[in-house]
Amino acid sequence: MKPVRIATLAWAITCAVAFAFAGLSAQTGGAARQRWTTPTRAEIDAIYPDIEALYIDLHRNPELAFQETQTAAKLAARMKALGFDVTTGVGRTGIVAVMKNGPGPTVMLRTELDALPVEEKTGLPFASTVVVKNDSGQSTPVMHACGHDLHMSAWAGTARLMAEHRDRWHGTLIMVGQPAEERSDGASAMLKDGLFTRFPRPDFALSLHDDDTMPAGTIGYHPGPFRAMSDNVTITVYGRGGHAAMPYNTVDPVVLASRIVLALQTVVSRENNPVDPVVVTIGSIHGGTQGNVIPDEVRLQLSVRTYTSEVRTRTLAAIRRTAKGEAEAAGAPREPQVDAPARGNAPVYNDPPLTLRLAAALKKGLGEQSVVEMPLKMTSEDFAEYGLAGVPSALLHIGAVDPAKLAAARQTGIPVPAPHSPEWAPDHEPTLKAAIRAEATELLELFGGK
Ligand SMILES: [Zn+2]
Ligand SMILES: [Zn+2]
């Protein structure tokens, strides 16, 4: 038995020495080239002029939902040049760019391609002057008023860094350029067109949106429900038109519609439990042609924001009941027509383990002070669709406001312009740079940089 023991001891010593050397060489190897977890400022600065040029080009040339052909073509050409396998026309105008780079997880990074029918009033030297025809054939000015141009440019910068350093990570990267976010049907169009079946199904889906409540470059995260459900509701009220001087011979739908607008305010303030978030906004009211004619009908367009199906159902029922009751009180010749979709936008649900994992990696990469937990919002986002399709997802926000302007706004109580405002002008240089760093950091966390 004794010789065996000696042999065992000798083997153990050999192993210990071998492990010690392995550890030493790993340490010296690590010192020569650290694991790539966050791009350096120099790496970002090197690509910035190219990315800023793209941003200015996209800002000058915005396109409406499902009309984003030039935008998609520009991004597709860039992705091809970087070595991605690119498919265009997914979900009408969407693009999917895939880079298979060895074993590892499949991660999708999504940007939005579309702009809004808003007339730009930023006064920027590269402001949009674009006017196009919308789907109804009416002329409308177009502006990247939600910052999707900033998202696309950061996305392109992140793709470039990942492609140029593909020896430093492994896995499959799927870059998705999604159309028609503002109409809330672009994500579902891509999914219906096989986003998760014709291409590798992602293990994780990520996106980043600009934000008016945080200083430029600050990342905000919120695990769990983060962006609201959204329903577009239309109410048409019917009256009996006639001469403005003889209202007693008419049923005035303008007065009826005005009563409905005011009565709907009590749905939120009197019928809803204040701990459940609800917004009912009447964003559009149209009726009549001139002052001396009482019209036959008035049309109201509403946006309803909620967080749960129960509250949504109750709120929509209250809107129907209120409209009907006011019409009856006015003696309207017909019940109002209330059109609400069977299913509105789903709420964005940020997968908590994924969100917290990304937040920890971002704090490490960008610094604790640059990454904050933020409150949920009543805005909605069709990024929710990817989570609904069963892929753990995280939509993070990035502050895009000059810190001095934000501080001044907090002093005066007058908020800075926000996304969808004609004056929304992100503080683009620090925001773009931080967005690229953040996106690459998130991807490297999930891929395990090397
Ligand atoms: Zn938007
Ligand atoms: Zn947006």
Side-chain angles (χ1 to χ4, degrees), residues 55 58-59 62-68 71-72 75 91 93-94 109-122 128 134 140-156 176-190 205-214 216 219-220 222 226-232 279 281 283-284 301 303-305 344-348 350 374 376-387 393-401 415-428 431-432 435 438-439:
Y55 173 69
L58 293 172
H59 191 86
E63 292 176 296
L64 286 179
F66 287 132
Q67 299 182 5
E68 316 93 331
T71 305
L75 297 187
T93 42
L109 180 63
R110 169 272 214 171
T111 186
E112 320 89 313
L113 306 177
D114 59 329
L116 284 160
V118 169
E119 186 179 355
E120 180 156 358
K121 291 180 184 151
T122 57
S128 162
N134 64 16
T140 176
V142 190
M143 174 194 175
H144 268 299
C146 202
H148 296 178
D149 49 349
L150 191 134
H151 306 164
M152 286 186 268
S153 312
W155 175 95
V176 170
Q178 181 211 297
E181 191 286 318
E182 297 292 358
R183 277 183 32 170
S184 309
D185 47 5
S188 54
M190 289 195 87
L206 310 177
S207 198
L208 188 65
H209 203 291
D210 62 359
D211 192 286
D212 57 300
T213 62
M214 295 181 292
I219 305 292
H222 186 97
F226 173 50
R227 304 278 293 265
M229 286 175 160
S230 163
D231 287 276
N232 295 323
V279 173
T281 289
S284 161
Q301 287 176 282
S303 185
V304 179
R305 308 296 170 108
N345 249 17
V348 170
N350 279 336
M374 66 182 293
L376 54 79
K377 294 182 100 89
M378 294 310 288
T379 49
S380 73
E381 242 281 0
D382 74 354
F383 184 72
E385 297 295 326
Y386 306 115
S393 305
L395 170 67
L396 271 53
H397 275 208
I398 182 163
V401 185
V416 295
H420 291 208
S421 154
E423 292 173 47
W424 176 238
D427 188 4
H428 75 265
T431 309
L432 270 173
E439 287 177 349

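Counting convention: from 1, in listed order, for ligands and their atoms alike.
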Ring centres of H59 and H428 under 6.0 Å apart?
-> no

Please confirm if an N, O or S atom belonging to H151, backbone or side chain, lies less than 2.8 Å from the Zn ion (ligand 2).
-> no

Looking only at heavy atoms, the pair that brings E63 and T71 closest together is OE1-OG1, 2.5 Å

Quick one: the OE1 of E182, the Zn ion (ligand 1), NE2 of H420 angle, rounded to 10°, please.
-> 80°

For the side-chain hydrogen bond (donor to acceptor under 3.5 Å, both in side chains) test, which of H397, E381, H222 pairs with R227?
-> H397

Would you check if the distance from the ring center of H209 to the ring center of F383 is below 6.0 Å?
-> no

What does the angle at the Zn ion (ligand 2) come to, between atom SG of C146 and atom NE2 of H148, rounded to 10°?
-> 100°

